[in-house]
Amino acid sequence: MGSRLLSLVRPVALLALAGCGGARSGVDRAPQPGPGEPVRAMTTSLPAPGRFHGPARGEWGGQGDWQPTALERALLQAVGRAVTPSAATDCLAREYAARFAADGADPDPATVGALARHCGAWAPPTRTLALTGPDQAAIERGLDQVAQKGLSGAVGLGAVQGSDGQITVALVFPAGHVALDPVPRAAVTATLRGRADRVDGELELWRRAGERVTRVPLHSDPTGGFTGQLARADAEPVRFELAARRGRFRQSLALIDLGPAPVSYPAASRQPRPPIATVRQEALETINTARKGAGLGALVHQARLSPALDDWLGRVAGGAGGDAPEGLLDPKGRPYARMAFAVGEGADGAQAAALILDTPTGRATLLDPELGEIAVGARPFDRGEGVDLVIAALQPFAGVKPEVARLSVRAGLNQARARAGHPPLAGNQGLDEVAQSLAEASLAGALPWDQVAAAAGERLAQAGLIKGGFAVGGVTVAALAQIDFAAEPAALDPRATVVGLGVAGGPLPNGGAPRHLVIYLTAEGLADGPNRAPHLTH
């Protein structure tokens with residue numbers, strides 16, 4: 001899938017307005033309020049690490065049978081929420097409040113993601129606010145301060161009360177990029193329908209089943225609406241990802257799993273944030289462990305590129321990062337043949353890398369077998385424990401000698417012809433020489449790309465090598481294995497019997513990234529007589 005496949009995970013801003021200390025357990029009932037007394041929630045057992053507070057939602061999005069508690073209804077009235085979110089958002093707010101109350105701290109990004117999936121929320125919130133107070137009046141005063149600063153949109157609210165009487169309330173602000181129709185978790189097949197708002201780039205739908213990641217057709221209309229088909233085998237859990245592609249990045253907009261909801265998740269190990277050098281090493285080890293498990297070679301860490309990535313992350317945090325990091329050059333001072341970027345966050349480098357690998361697009365990006373190098377940029381959260389991470393997956397250019405390249409290119413061409421039901425093409429030394437001269441001249445900038453076909457006709461006429469019709473085609477690729485001859489009509493002409501190949505590798509004219517430039521000449525036959533060159537049947 002190459003450099004076109006990226007994952008962008010938008011960071012979650014976590015802010016605790018009031019802290020609570022230590023984990024607490026609860027009991028089953030609380031005294032009922034008398035006339036005029038504040039509404040009191042029934043005290044509940046707060047969840048143990050890695051466990052959820054309430055049952056999982058049976059669908060992604062939707063309202064279902066969700067009902068706020070008496071305390072939540074009172075707090076919602078105090079807040080004056082104008083827009084009601086999906087049940088998944090309110091469920092996530094309650095789960096977040098329970099986790100905050102149990103731990104005395106904001107949950108880490110992996111836990112937030114687990115809570116979101118448990119509740120059927122297809123994306124983690126963009127921002128959260130958690131407050132803990134001794135009673136309802138204190139909580140309402142805190143919420144009033146929040147409301148005075150503006151509380152717009154479909155904000156989720158959830159509240160819990162521990163056995164000590166302390167009340168914790170959480171507000172979650174859902175990502176407003178897409179609105180989706182409900183999708184049942186247990187569905188074997190389903191139609192994904194939705195609408196995109198404020199999304200830059202082309203919408204795409206990706207599917208991961210086991211280690212296999214594929215792109216699923218997604219039909220979009222000019223108004224922002226889209227539809228796509230979701231399917232899985234009966235016993236096979238499958239993850240789908242809706243992403244927006246812009247340049248070298250893909251922003252992950254929604255993750256939807258078909259299959260049973262998880263009943264638990266790995267509990268976070270709360271430790272002080274590690275040094276940035278350790279964060280980079282953790283991320284590298286996590287990615288290379290995943291590559292080893294997939295039978296792929298390890299990526300070489302290019303530490304010299306980390307300062308440029310760190311700087312880019314800092315500028316992104318300030319709202320001026322640009323579409324991609326700049327100044328990433330190979331040791332020869334040239335742009336890499338291919339670069340793929342993935343952005344994420346986590347409690348540490350290992351978790352951030354694991355969360356990226358947990359998305360279909362992120363996994364395909366970092367487990368690309370053609371990649372050879374990696375660079376890691378990191379930045380501590382402004383508040384709380386955790387790090388933002390940017391990973392540059394790199395493919396340095398490795399030039400292949402023309403005589404070696406021709407063998408693999410001709411083999412790929414004839415495989416495409418076989419799939420189309422056409423006979424293979426024989427090679428020819430004279431045609432190879434003509435094609436090679438064209439490729440070298442074009443790569444050097446001496447022959448404009450749009451003049452290659454005309455130049456090929458003139459040289460073939462001068463050489464007198466062919467008879468009948470001929471065709472000219474050309475492609476530029478970072479790696480020769482990327483050539484798709486099925487998309488090259490001249491290569492699949494059933495009348496052709498012979499081909500000449502020219503392959504030149506290096507920086508493209510005007511300082512572009514190094515590429516292989518391949519020009520091929522196909523002909524119906526070779527001329528008879530002294531100018532005829534021998535066939536090459538490799």
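Note that the coordinates shown come from a computational prediction; the quantities given were computed from them, not determined experimentally.
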Step by step, would you call E95 with R117 a salt bridge (charged side-chain N to carboxylate O under 4.0 Å, His left out)? CA-CA 11 Å; E95 290 286 342; R117 288 192 290 274; over 6 Å; no
Under the 3.5 angstrom rule, does the side chain of D197 hit a backbone N or O of H177 as a donor-acceptor pair? no
Could you tell me whether R239 and E211 have a side-chain N and a carboxylate O separated by less than 4.0 Å? no
With a 4.5 Å limit on heavy-atom distance, are the side chains of P274 and E282 in contact? yes
Nearest 0.5 Å, what's the CZ-CG distance between R232 and D257? 10.5 Å
Between the side chain of R207 and the main-chain N/O of A231, is any donor-acceptor distance below 3.5 Å? yes
Kindly compute the distance separating CD1 (I391) from CD1 (I287), expressed to the nearest 0.5 Å. 3.5 Å
Is there a side-chain contact between V376 and L309 (heavy atoms, below 4.5 Å)? no
If you compare all heavy atoms of A88 against all heavy atoms of A121, which two are closest, and at what distance to 0.1 Å? CB-N, 3.8 Å
Mark yes or no for whether S442, through its side chain, and A439, through its backbone, hold a donor-acceptor pair below 3.5 Å. no
Among side-chain atoms of S252 and T359, is any donor-acceptor pair under 3.5 angstrom? no
Just do the side chain to side chain contact (heavy atoms under 4.5 Å, CB included) check on L255 and F240 with the steps written out, would you? CA-CA 6 Å; L255 291 174; F240 292 88; over 6 Å; no
Checking salt bridge (charged side-chain N to carboxylate O under 4.0 Å, His left out) for the pair D310/R315: CA distance, chi angles, key distance, verdict? CA-CA 9 Å; D310 293 349; R315 287 185 285 115; over 6 Å; no
L517 vs V503, test: side chain to side chain contact (heavy atoms under 4.5 Å, CB included). Steps then yes/no. CA-CA 6 Å; L517 191 153; V503 183; over 6 Å; no
Kindly say whether L299 contributes a backbone atom to a donor-acceptor pair with the side chain of N288 at under 3.5 angstrom? yes
Aromatic ring pairing F52/Y265, orientation class (parallel under 30°, perpendicular over 60°, tilted between): tilted
Please check if any side-chain donor atom of S86 sits under 3.5 Å from a side-chain acceptor atom of T89, or the reverse. yes
Heavy-atom side-chain contact between L46 and D103 under 4.5 Å: no
Exercise: identify the closest heavy-atom pair between G50 and A267: N-CB, 3.9 Å
Could you tell me the separation between the SG atom of C119 and the CH2 atom of W60, rounded to the nearest 0.5 Å? 10.0 Å
Looking only at heavy atoms, the pair that brings W312 and V390 closest together is CZ3-CG2, 3.8 Å
Minimum-distance pair of heavy atoms, taken over all atoms of A196 and L203: CB-CD1, 3.8 Å
Contact check, side chains of I374 and Q302, non-hydrogen atoms, under 4.5 Å: no
Is the shortest heavy-atom distance from the side chain of T191 to the side chain of Q229 under 4.5 Å? yes
All heavy atoms of P424 vs all of N414, minimum pair found to be CA-OD1, 3.3 Å
Does the H118 side chain pair with the main chain of G113, one donor and one acceptor, at a distance under 3.5 Å? no
If the threshold is 4.0 Å, N to carboxylate O, is there a salt bridge linking R338 and E370? yes
Is it the case that Q436 and R406 place a side-chain donor and acceptor less than 3.5 Å from each other? yes
From L92 atom CG to R57 atom CZ, the distance as rounded to the nearest 0.5 Å: 12.0 Å
State whether R410 and E403 are salt-bridged, where the test is any N-O pair (Lys NZ or Arg NE/NH1/NH2 against Asp/Glu carboxylate O) under 4.0 Å. no
Looking at R304 and D330, does any basic side-chain N land under 4.0 Å from a carboxylate oxygen? no
Between T111 and R99, does the side chain to side chain contact (heavy atoms under 4.5 Å, CB included) criterion hold? Intermediate values first, please. CA-CA 9 Å; T111 300; R99 190 74 267 154; 4.0 Å; yes
Would you call D311-R379 a salt bridge at under 4.0 Å N-O? no
Can you tell me how far CG of L389 sits from CD1 of I356, rounded to the nearest 0.5 angstrom? 5.5 Å
Side-chain donor or acceptor of R334 paired with backbone N/O of P514 under 3.5 Å: no
First locate atom CG of D368, then atom CG of L394, and finally report the distance between them rounded to the nearest 0.5 Å. 11.5 Å
Main-chain N/O of A479 paired with Q482 side-chain donor or acceptor, under 3.5 Å: yes
Taking 4.0 angstrom as the limit, do R208 and E241 come out as a salt bridge? no
Stepwise side chain to side chain contact (heavy atoms under 4.5 Å, CB included) check, W206 with T214: CA-CA 6 Å; W206 294 86; T214 55; 5.9 Å; no
Would you say the side-chain atoms of T126 pair up with the backbone N or O of F173, donor to acceptor, closer than 3.5 Å? yes
Do W122 and V178 make a side-chain contact, defined as non-hydrogen atoms from C-beta onward lying under 4.5 Å apart? yes
In terms of heavy-atom contacts, P125 and V112 come closest through CD-CG1, 3.8 Å
Taking side chain as C-beta onward, heavy atoms only, is S306 less than 4.5 Å from H301? yes
Parallel, tilted or perpendicular: which describes the rings of F485 and Y520, with under 30° parallel and over 60° perpendicular? perpendicular
Does the side chain of L258 reach to within under 4.5 Å of the side chain of V188, using non-hydrogen atoms? no
